[in-house]
Amino acid sequence: MVGQRYRWKNKQLREHVAVIDGKKSPTILLKNVTYLNQMLKKWINAHIWIYQDRIVYVGQQLPSKLTDCEVVECDGKFVVPGYIEPHAHSFHLYNPHSFAQYASQTGTTTIINDNLVLALQTTKKKAFSFIGEMKNLPVTMYWWCRFDPQTEIHHEEQAFSNGNVLSWLEHDTVLQGGELTGWPKLLDGDDLMLHWIQEVKRVGKKVEGHFPGASERTLAKLMLLGADSDHESMTGTDVLNRLLQGYTTALRYSSIRPDLPLILDEIHDMGIDQYDKFIFTTDGSPPAFYEQGIIDRMIKIAIDKGVPIIDAYNMATINVARHYNMENLHGMIATGRIANLNILSAKDNPTPESVLAKGIWVKRDKMDKQAFPDFPWEGEGFDKPSINWDLTLDDLQFSMPFGMKMENAVIMKPYSVTIDASYDELSMNHDESYLMLIDRDGKWRVNTIIKGFANRISGFASSFSNTGDFVLIGKNKNDMLLAFHRMKELGGGIVLTENGSLLHEIPLDIGGVTSAKSVVELSMLEKEFVRLVRERGYNHSDPIYTLTFLSSTHLPYIRITPQGIYDVMNKIVLFPSIMR
């Protein structure tokens with residue numbers, strides 16, 4: 001059940017009570033605070049006693065014993081609960097450790113993470129060891145349990161076996177099943193997925209949807225089958241439809257869907273002024289998007305758009321905790337809760353001056369306290385990929401008459417290839433490029449043409465993809481090979497080449513899918529990468545998301561997957577992958 005990981009031992013509970021009795025000292029006393037009380041929806045003056053990682057008292061009394069206590073005078077300051085990001089894709093160039101550290105500096109102290117990379121890239125044993133290590137961070141880390149790989153892979157029955165899925169669902173750090181990117185299969189009669197949803201309900205957890213463009217009728221069916229929430233509202237009407245069907249509704253502000261300001265305007269125009277079923281998410285955006293903040297930025301947008309201040313904070317705290325049945329631990333400032341607290345300079349400024357996470361100062365007076373321990377990546381199954389095979393010009397044969405046309409950063413449509421792709425170089429006068437997806441172990445490949453990616457990118461290779469397989473794109477086959485070979489030398493990464501030379505690279509030294517660098521360092525590398533590809537004709541919203549979703553069969557209409565070119569609407573492989 002939710003909360004097992006914070007089941008304090010009897011000895012600890014007796015110590016907590018001893019603090020109240022004056023037999024032990026609190027470890028931190030926040031004195032004379034003005035704090036947000038979510039029970040009353042009011043700002044209240046009080047003292048907050050903290051013992052190690054727990055709030056042991058909130059009220060008007062002061063402790064009688066202060067021998068081992070840090071006393072912090074908070075007169076004129078405002079204290080709110082730590083913010084919660086309920087929908088994090090924490091392997092998005094950054095990694096869960098680096099993202100948690102970065103997020104903590106703007107007050108996000110609880111993160112609910114996607115487990116897809118863990119399910120696809122490592123064993124269950126290593127994955128559980130990894131999330132066990134994540135418990136040692138000051139930021140509180142929870143996880144999802146995916147039901148499908150979000151693409152067509154060769155080993156789905158193994159990665160998403162019934163035993164694996166049920167083990168994830170029963171893990172004490174897993175709060176939800178989903179997100180349900182495979183919901184069309186559910187509606188078509190997939191009883192195994194329905195069984196897993198029933199198991200989610202049996203263990204008292206939640207099911208999160210992924211229902212972009214879903215009709216009212218579809219939303220109703222999915223609610224009947226067990227969905228509890230959805231984060232895919234793109235308009236005020238989408239929000240209303242979900243509320244009317246009983247969904248907890250996430251409002252999103254991400255790099256490819258910065259919808260929050262528009263949605264707030266539209267729901268206010270509709271007369272919606274109740275916010276208890278709303279939560280916030282940034283939906284796993286790339287590093288540069290977070291330069292202005294994470295959940296704190298969303299709270300500020302909401303306040304500026306006329307959401308009452310207390311409701312804006314509640315959408316980032318208690319609303320999330322109540323949805324996941326963990327308000328006994330998170331989302332409010334009250335006795336017994338985890339000591340995740342943000343100290344603000346003003347009620348309408350949600351970016352904190354100081355942050356406590358599990359009773360540890362991770363930020364103090366605007367200074368990063370460097371409270372996060374180093375993480376032993378190599379011992380957790382995330383070694384650099386051993387690419388002990390090579391790629392040659394013989395692999396770069398593009399005779400398929402069928403290609404993929406980009407409608408935007410993530411939507412692909414089929415089109416008939418009319419150019420002659422038999423040469424080693426394509427003209428820069430059009431926006432058609434070679435595209436290859438190749439197995440990270442070199443066993444198979446899929447070659448086609450992509451239209452609309454760019455018209456002047458000569459060579460590009462990436463080990464960052466939905467499946468962890470390698471993506472090559474470009475106009476010049478020799479530059480594509482050069483990019484691949486450099487990516488191989490790095491042990492994984494994103495590489496741009498041109499005229500036989502290296503143009504830019506983002507090393508991904510953790511399993512080839514993510515980086516040990518800080519979010520700040522990655523933001524700089526990402527911005528330079530985006531600048532370079534835009535100069536060469538990429539004109540969509542986010543190239544990192546394009547890489548993420550090239551293989552993702554939860555989006556229309558055509559995808560390049562490990563099994564081959566896949567027709568999403570008809571659920572068939574049109575051109576199978578070729579064994580090497």
Side-chain angles (χ1 to χ4, degrees), residues 89-102 116-118 120-122 130 255 284-291 372 374-391 436-442 457-474 479-498 500-536 538 542-548 550:
H89 300 280
S90 292
F91 290 91
H92 217 150
L93 300 187
Y94 44 75
N95 63 72
H97 180 280
S98 63
F99 181 67
Q101 191 280 331
Y102 184 81
L116 183 60
V117 168
L118 298 178
L120 290 178
Q121 303 301 332
T122 189
F130 171 77
S255 61
S285 294
F289 184 77
Y290 291 126
E291 287 186 342
F372 282 68
D374 292 334
F375 189 75
W377 286 106
E378 292 185 0
E380 293 297 328
F382 287 94
D383 299 333
K384 291 182 180 180
S386 177
I387 309 173
N388 55 8
W389 52 274
D390 210 353
L391 198 63
M436 170 189 279
L437 181 71
I438 188 163
D439 176 37
R440 64 188 285 129
D441 295 321
I457 290 179
S458 187
F460 170 80
S462 173
S463 61
F464 175 80
S465 69
N466 182 45
T467 60
D469 298 309
F470 304 149
V471 176
L472 275 69
I473 301 174
D479 278 336
M480 292 168 68
L481 285 176
L482 177 63
F484 170 80
H485 290 137
R486 179 54 184 162
M487 182 195 73
K488 181 177 175 178
E489 290 175 1
L490 292 171
I494 295 173
V495 179
L496 273 174
T497 55
E498 190 169 275
S501 299
L502 176 66
L503 193 63
H504 186 62
E505 64 186 31
I506 304 176
L508 299 176
D509 52 336
I510 300 174
V513 297
T514 188
S515 173
K517 293 182 182 295
S518 70
V519 174
V520 173
E521 291 174 298
L522 287 169
S523 177
M524 295 173 63
L525 290 171
E526 179 207 346
K527 285 192 292 185
E528 178 63 7
F529 168 69
V530 172
R531 183 188 71 81
L532 290 168
V533 297
R534 289 201 185 286
E535 283 182 352
R536 287 154 181 78
Y538 181 92
D542 191 329
I544 300 300
Y545 259 109
T546 295
L547 291 174
T548 303
L550 270 177

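- To the nearest 0.5 Å, atom NE2 of residue H89 and atom OG of residue S285 are 9.0 Å apart.
- The structure places CD1 of I510 at 4.5 Å from CH2 of W377, a figure rounded to the nearest 0.5 Å.
- The two atoms that bring V471 and S465 nearest to each other are CG2-CB, 4.1 Å, heavy atoms only.
- Using a 30° and 60° split on the angle between ring planes, F99 and Y290 fall in the tilted class, from 30° to 60°.
- Contact between L522 and L93 at its shortest, heavy atoms only, is CD1-O, 3.5 Å.
- Checked against P287 for a side chain to side chain contact (heavy atoms under 4.5 Å, CB included), the options V519, I506, I544 give a single hit: V519.
- Two residues are said to be in side-chain contact when any heavy atoms from C-beta on lie closer than 4.5 Å; R536 and L496 fail this criterion.
- Taking the side chain as every heavy atom from C-beta outward, F460 and L547 approach each other to under 4.5 Å.
- Here the side chain of K517 pairs no donor or acceptor atom with the backbone of S523 at under 3.5 angstrom.
- With contacts defined as side-chain heavy-atom distances shorter than 4.5 Å, the pair I438/D469 does not qualify.
- Side-chain contact between L116 and N466: present, with at least one pair of heavy atoms (C-beta onward) separated by less than 4.5 Å.
- Within the 4.5 Å cutoff, side-chain heavy atoms of V530 are placed close to those of P543.
- Listed for the D479 side chain is a donor-acceptor partner under 3.5 Å among the backbone atoms of G500.
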Exercise for review: For side chain to side chain contact (heavy atoms under 4.5 Å, CB included), just list the numbers for L502 and E505, CA-CA rounded to whole Å, side-chain angles, deciding distance to a tenth of an Å, and then say yes or no.
Suggested key: CA-CA 8 Å; L502 176 66; E505 64 186 31; 3.2 Å; yes
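- The shortest side-chain heavy-atom distance between I387 and F484 falls under the 4.5 Å cut-off.
- Between R440 and T467 the shortest side-chain heavy-atom distance does not fall below 4.5 Å.
- A distance of 5.0 Å separates OG1 of T514 from CG of N95, quoted to the nearest 0.5 Å.
- Remark: the backbone N or O of L525 is paired with a side-chain donor or acceptor of H504 at under 3.5 angstrom.
- Within the 4.5 Å cutoff, the side chain of P286 has heavy atoms near those of the S255 side chain.
- At distances below 3.5 Å, not a single donor-acceptor pair connects side-chain atoms of S463 with backbone N or O atoms of F470.
- By the 30° and 60° cut-offs, the orientation of the rings of Y545 relative to H92 is perpendicular.
- For the 3.5 Å distance criterion, the side chains of E498 and S458 fail to qualify, holding no donor opposite an acceptor.
- Under the 3.5 Å distance criterion, the side-chain polar atoms of E521 are matched with a main-chain donor or acceptor of S518.
- In this structure, M487 CE and S462 OG are separated by 7.5 Å, a value rounded to the nearest 0.5 Å.
- With rounding to the nearest 0.5 Å, the separation of CG in L391 from CG in L472 is 6.0 Å.
- For an aromatic pair to be called close, the ring centres must be under 6.0 Å apart, and F375 with F130 satisfies this.
- Counting only N and O atoms by type, the side chains of D390 and H485 include a donor and acceptor under 3.5 Å apart.
- How far CD1 of I457 is from CD1 of I473: 7.0 Å, rounded to the nearest 0.5 Å.
- Remark: the backbone N or O of D542 is paired with a side-chain donor or acceptor of T546 at under 3.5 angstrom.
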